[in-house]
Amino acid sequence: MNKEMKILIVDDFSTMRRIIKMLLRELGFSNTHEANDGNSALPLLQGGGFDFVITDWNMPGMSGLHLLKAIRSDTHLSTLPVLMVTAESKRDQVVEAAQVGVNGYIVKPFTADTLREKIEKIWERVKA
Amino acid sequence: MNDKALLSKARSLVTALEQGDDVKANGILERIAASREASLFVEIGKLTRGLHNAMLTIRLDARLIGITKTDIPDAKERLNAVITKTEEAAHRTLNAVEELLPIVDTMAINADKILNLHRRQTRETTLFDIAGEGDHPLTDFIVRVKADAQKLHKNLSDVLMAQDFQDLTGQVIRRVIEVVQEVERSLVDFIRISSTRRKTRVKKSNGVHAAGPALTMAGEESKVSSQDEVDSLLSSLGF
C-alpha cells in the first residue's frame, strides 16, 4: 500500500472530515483532500490523480450513494476504490451500496483500528 | 323511500317488465334512482353542516399563529445554533489534539535516543555491573517517559475519535429540524386555508372588498354576518 496515495475525504460535517484526515495521518497517509458533498467531490475526482475515496452517505446536494454511482459510471473513475463511512446502518442500504459497487462499508461510530483494517483489506483486493 | 315503498315499486317494475311495458318500467326505475339521489343529497347536506360547524370550532387563535410565526422559526434557529456550538467545540478540541500528538511522538523518539545513549554510556563505565539498569534513576525515568508517551498518544487518539459525537448528534438534530419544518408547512397551509375562508366570507357579506390581514382577528365581526349567510343557505336546503 502506497503511503503517498491521494485520498479524497467526502463528508458534510467538517469535524468528521478532520477526524478521518487525522486518523489517516496516524496511519501514514498525508496526501489527503476534502470535499463537503458529492457535487463538489465529483469534479475534484474527474480532475484526476486520486487513488482512494472515503465518503459519507447522507449529504445535501449529491448523496454518497449517488457519488458512488457517478464514479462507477465514469469510464475514467470506474475502478476507483470507494470506502463508505456512514451512520446509515440499515441492511438494505449496505446491500444497495454493495450492489452499486462500494469496496468497503464502515458504520459510525467507528474505531481507528476498523478504519485501518478496512483500508488494508480494500487495498489487498484491489491489488489482486 | 322506505323499504315497504321500495318493495312495492320493485314489484311494479317486475310486472311492467313482464308485460313488456318499457315506458312504465323506465319510469319506475327513474323514480327509484331519484329517491336514491335525494337521500344522498340529505347525507351530503348533513356532512357539510357537520364539517362547517367543526371548522368553526377549530378557532384560528392567536397562539397558533404565534407558534407558526415566531416559536417554530426560533426553535429551528436554536437547533442550528446547537450544531454550530458543538462544531466549534469539536474543532477546538481537535486543534489541541493535533498540536499535542506530534509533541508526544517526538518526546517518545527522543526518550528512545537518550535511553540508548545512556545505556551505551553506562555499559562503557560499568562493564561488570550485573545489577542491571533497573537501578539507575535516569534509566527508570526515561523508561517511564516512554511508557507515558505511549499512554498519552493512546488517550489523545481516544479524544480524537470521541469528537465524532458532533457528526452523530448533528445528523440527529438535522432530522429533527426537518420534522419541525414539515409541521411548520402544515400549520402555514392550515392557517392559509382558514383565513382564505374567512376572507371569502368577508367579501360575500359586505359586498365590498375588505382586504383585511389574513392572520388577525379583524374578520371576526364580518364573520358573524357571513356566518348567517352560510347558515341560512344550509337552512334553506333543510339542514
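This is a predicted model, so every value here is computed, not measured. Each chain gets a letter, A, B and so on, in the order the sequences are listed, and its residues count up from 1.
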Q: Quick one: closest heavy-atom pair of His153(B) and Glu26(A), and the distance?
A: NE2-OE1, 2.7 Å
Q.
Can you tell me if Gln181(B) has over 12 outside heavy atoms packed within less than 6.0 Å of its CD?
A. yes
Q: Give a yes or no on whether a salt bridge exists between Asp164(B) and Arg18(A), defined as a side-chain N under 4.0 angstrom from a carboxylate O.
A: no
Q | Neighbour count above 12 (heavy atom, 6.0 Å) for Glu77(B) CD | A | no
**Q.** Top contributor to chain B interface from Ile20(A), Thr111(A), Asp56(A), Leu23(A) [non-hydrogen pairs under 4.5 Å]
**A.** Leu23(A)
(Q) Taking NZ in Lys154(B) as the centre, count heavy atoms belonging to other residues, nucleotides or ligands within less than 6.0 Å. Is the count above 12? (A) no
Q. Which atoms of Thr86(B) come close to chain A, meaning under 4.5 Å heavy atom to heavy atom: side chain ones, backbone ones, both, or neither?
A. neither
Q) Given side chains that start at C-beta, do those of Phe13(A) and Glu87(B) come closer than 4.5 Å, heavy atoms only? A) no
Q. Checking heavy atoms, do the side chain of Leu168(B), its backbone, both or neither come under 4.5 Å from chain A?
A. side chain
Q.
With a strict 4.5 Å heavy-atom criterion, list every residue of residues 74-110 of chain A that contacts chain B, or say none.
A. Ala87(A), Glu88(A), Lys108(A), Pro109(A), Phe110(A)
Q: Quick one: closest heavy-atom pair of Met161(B) and Ala112(A), and the distance?
A: SD-N, 4.2 Å
Q) How long is the span from the CG atom in Leu94(B) to the NZ atom in Lys21(A), to the nearest 0.5 Å? A) 12.0 Å
Q: Apply side-chain contact (heavy atoms from CB on, under 4.5 Å) to the pair Asp167(B) and Arg17(A), showing each step before the final yes or no.
A: CA-CA 10 Å; Asp167(B) 172 42; Arg17(A) 289 199 305 268; over 6 Å; no
Q) Does Phe141(B) CZ have over 12 foreign heavy atoms under 6.0 Å away? A) no
Q | Heavy-atom closest pair, residues Arg175(B) and Asn58(A) | A | NH2-ND2, 2.9 Å
Q. If you round to the nearest 0.5 Å, how far is CD1 of Ile19(A) from OG of Ser157(B)?
A. 12.0 Å
Q: Could you tell me whether the side chain of Thr15(A) reaches within less than 4.5 Å of the side chain of Glu88(B), counting heavy atoms only?
A: no
